[in-house]
Protein chains: 2
Amino acid sequence: MARRNYHHGELRAALLDAAEALVRERGADGWSLREASARVGVSSSAAYHHFASRDALVRALRRRVLGELGERLSQEVGRAAGPEAGGDLQRRLVAVGRTYVQWAVDDPSVARLAFGAGAPAGDPASDSTSDAATPPHPHDVLDAELDLLVEVGGLPAAARPGADFVVWAAVHGLATLLVDGLARLDDPRAVAREAERVVRAVLTGLTHEAVPSQGWPTPHSAHTERRTGRGAGK
Amino acid sequence: MARRNYHHGELRAALLDAAEALVRERGADGWSLREASARVGVSSSAAYHHFASRDALVRALRRRVLGELGERLSQEVGRAAGPEAGGDLQRRLVAVGRTYVQWAVDDPSVARLAFGAGAPAGDPASDSTSDAATPPHPHDVLDAELDLLVEVGGLPAAARPGADFVVWAAVHGLATLLVDGLARLDDPRAVAREAERVVRAVLTGLTHEAVPSQGWPTPHSAHTERRTGRGAGK
DNA sequence: CAGACCATCTGAACGCTGATCGGATTGGAG
DNA sequence: CTCCAATCCGATCAGCGTTCAGATGGTCTG
């Protein structure tokens with residue numbers, strides 16, 4: 001970890017680790033590139049061989065952290081039984097929402113960094129090191145679950161277009177309000193309760209809404225514009 | 001505006017104005033206290049006679065901006081006819097949500113600053129200059145409208161506790177996603193449409209939800225903890 | 001009208017920051 | 001073994017937030 005020789009060998013990853021630790025200790029912005037470099041045992045200018053700027057480091061860390069969140073959402077949604085089994089069709093989506101909010105509340109500083117401005121779109125030539133099959137973006141997990149819900153009849157197909165947007169907004173909003181301190185929940189158990197309530201309310205509302213006879217320009221992938229050419233290599 | 005004499009006279013307000021302009025020009029964090037001071041025509045150290053730190057300036061600006069949003073929400077909700085008149089009981093709340101999101105999208109940098117971490121709670125001894133009857137916090141407007149909706153039968157009283165939380169989360173989430181660039185809407189008309197849909201979905205969902213037989217520790221003012229002793233000084 | 005008071009503002013300074021650059025160090029390819 | 005390109009160092013730059021002793025001048029007291 002500390003330092004082997006003149007050449008570090010894993011500086012990029014080490015810097016990301018140090019930055020993440022600093023974010024956890026001192027807040028999303030309460031740290032400097034110099035500090036992260038020093039912690040790794042390297043001069044501050046060395047960092048510029050791996051990141052074009054401090055902001056590039058932040059963006060890379062944001063990408064990594066969002067990927068971890070996406071993976072955790074996938075796992076958690078897998079842990080929840082499929083909707084065919086039980087009678088509760090919405091269970092899996094509730095799990096997604098609960099996990100999303102809980103993740104943010106458990107690690108507010110990291111979440112603030114992950115949710116910060118600057119969409120993870122943009123430079124597509126950054127994942128030079130194809131460490132792992134690019135992890136799913138949180139929104140992708142949500143999208144897939146909504147499709148599944150429609151499939152099993154838990155949501156009218158007419159309400160599907162843009163539904164990801166509505167659900168995402170509700171869940172993300174709850175997470176953001178809590179993480180930014182605009183709203184507070186005393187009881188830690190209340191977080192899960194609120195997340196569940198928000199997801200259920202939104203899904204119920206989408207199910208019962210007056211069908212929008214028109215107004216959706218494209219199926220649903222044009223509303224959310226993210227890095228193109230994600231999954232399905234080749 | 002520029003400078004009268006050695007003593008400025010309105011430095012505090014002038015600094016807030018300059019900071020707001022800089023936020024609009026260069027982003028929520030792309031400016032310095034020195035720059036704001038220079039723009040006003042004052043040395044940077046002069047600012048410290050009116051704000052304890054740069055962060056204090058930011059907090060004050062946040063408070064001011066959130067107050068303006070609150071007032072705008074009040075106005076807009078007044079412009080929408082009362083629910084007794086027409087058949088659409090939710091119209092006023094939809095107006096609140098639409099205005100909230102539109103405000104954020106129209107001025108993303110200012111919104112990012114307003115929504116930023118650091119709740120506007122804390123120092124209650126800052127409004128020394130009682131310029132105007134303290135403007136309503138956006139959440140207060142929402143709260144009042146929800147009460148009104150219950151009154152006219154647009155929402156079951158059982159669903160009321162914590163409903164402000166759910167609606168706020170949905171609307172705030174949509175605004176945040178758009179402002180932070182995590183999601184994008186091409187058509188500017190789509191913003192209003194999405195805001196409406198989110199509010200309606202949540203309200204419908206809250207109306208139809210299985211009544212939570214328990215779980216709400218206090219009416220509703222304990223979940224959101226904000227500056228105490230708001231109106232009615234002394 | 002004189003004088004003192006004191007909030008306000010200045011200018012220089014401190015330590016820190018992100019960023020750049022020439023030069024030292026090294027692992028690995030030829 | 002030699003050379004190259006990647007990597008890292010150390011010094012340096014302008015700019016940042018913040019502090020502090022001192023200049024300034026409106027206002028209140030006599």
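Just so we're on the same page: letters track the sequence lines, and every chain starts at 1.
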Might you list the N or O atoms of the protein lying below 3.5 Å from N or O atoms in nucleotides 14-17 of chain D, with each pair's distance?
unit_1, atom_1, unit_2, atom_2, d
D:dC16, OP1, B:Ser32, OG, 3.0
D:dG17, OP1, B:Leu33, N, 3.0
D:dG17, OP2, B:Leu33, N, 3.1
D:dG17, OP2, B:Arg34, N, 3.3
D:dG17, N7, B:Arg34, NH1, 2.2
D:dG17, O6, B:Arg34, NH1, 2.9

Give me the distances for all protein-to-nucleotides 4-6 of chain C N/O pairs that come in under 3.5 Å?
none

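Here B:Asp17 pairs with B:Arg64 in a salt bridge; the nearest charged N to carboxylate O distance falls below 4.0 Å. Salt-bridge check for B:Arg24 with B:Glu20: passed, with a basic side-chain N closer than 4.0 Å to an acidic carboxylate O. Between A:Glu76 and A:Arg79 there is a salt bridge, since a side-chain N of the basic residue sits under 4.0 Å from a carboxylate O of the acidic one. Between B:Arg63 and B:Glu68, no side-chain nitrogen of the basic residue sits less than 4.0 Å from a carboxylate oxygen of the acidic one, so the salt-bridge criterion is not met. Here B:Asp187 pairs with B:Arg193 in a salt bridge; the nearest charged N to carboxylate O distance falls below 4.0 Å.
The side chain of B:His49 has C:dC9 as its nearest neighbour among C:dC9, C:dT20, D:dC8.
The residue among A:Leu11 and B:Ala52 whose nearest nucleotide of DNA chain D is located toward the 5' end is A:Leu11.
Atom pair A:Glu10:CD and C:dG27:P shows a separation of 15 Å (rounding to whole Å applied).
Using a 4.0 Å heavy-atom cutoff across all strands shown, B:Ala46 reaches at least one base atom of the nucleic acid.
B:Arg54 forms a cation-pi arrangement with B:Trp31, by the criterion of a distance under 6.0 Å to the ring centre and an angle within 45° of the ring axis.
Applying the side-chain contact (heavy atoms from CB on, under 4.5 Å) test between B:Glu145 and each of B:Leu142, B:Leu148, B:Asp147 identifies B:Leu148 as the sole match.
Residue A:His50 has a polar side-chain atom (N or O) positioned under 4.0 Å from OP1 or OP2 of D:dC8.
Partners of B:Arg189 according to the salt bridge (Lys or Arg N to Asp or Glu O under 4.0 Å) rule, which considers only residues two or more places apart in sequence or in another chain, do not exist here.
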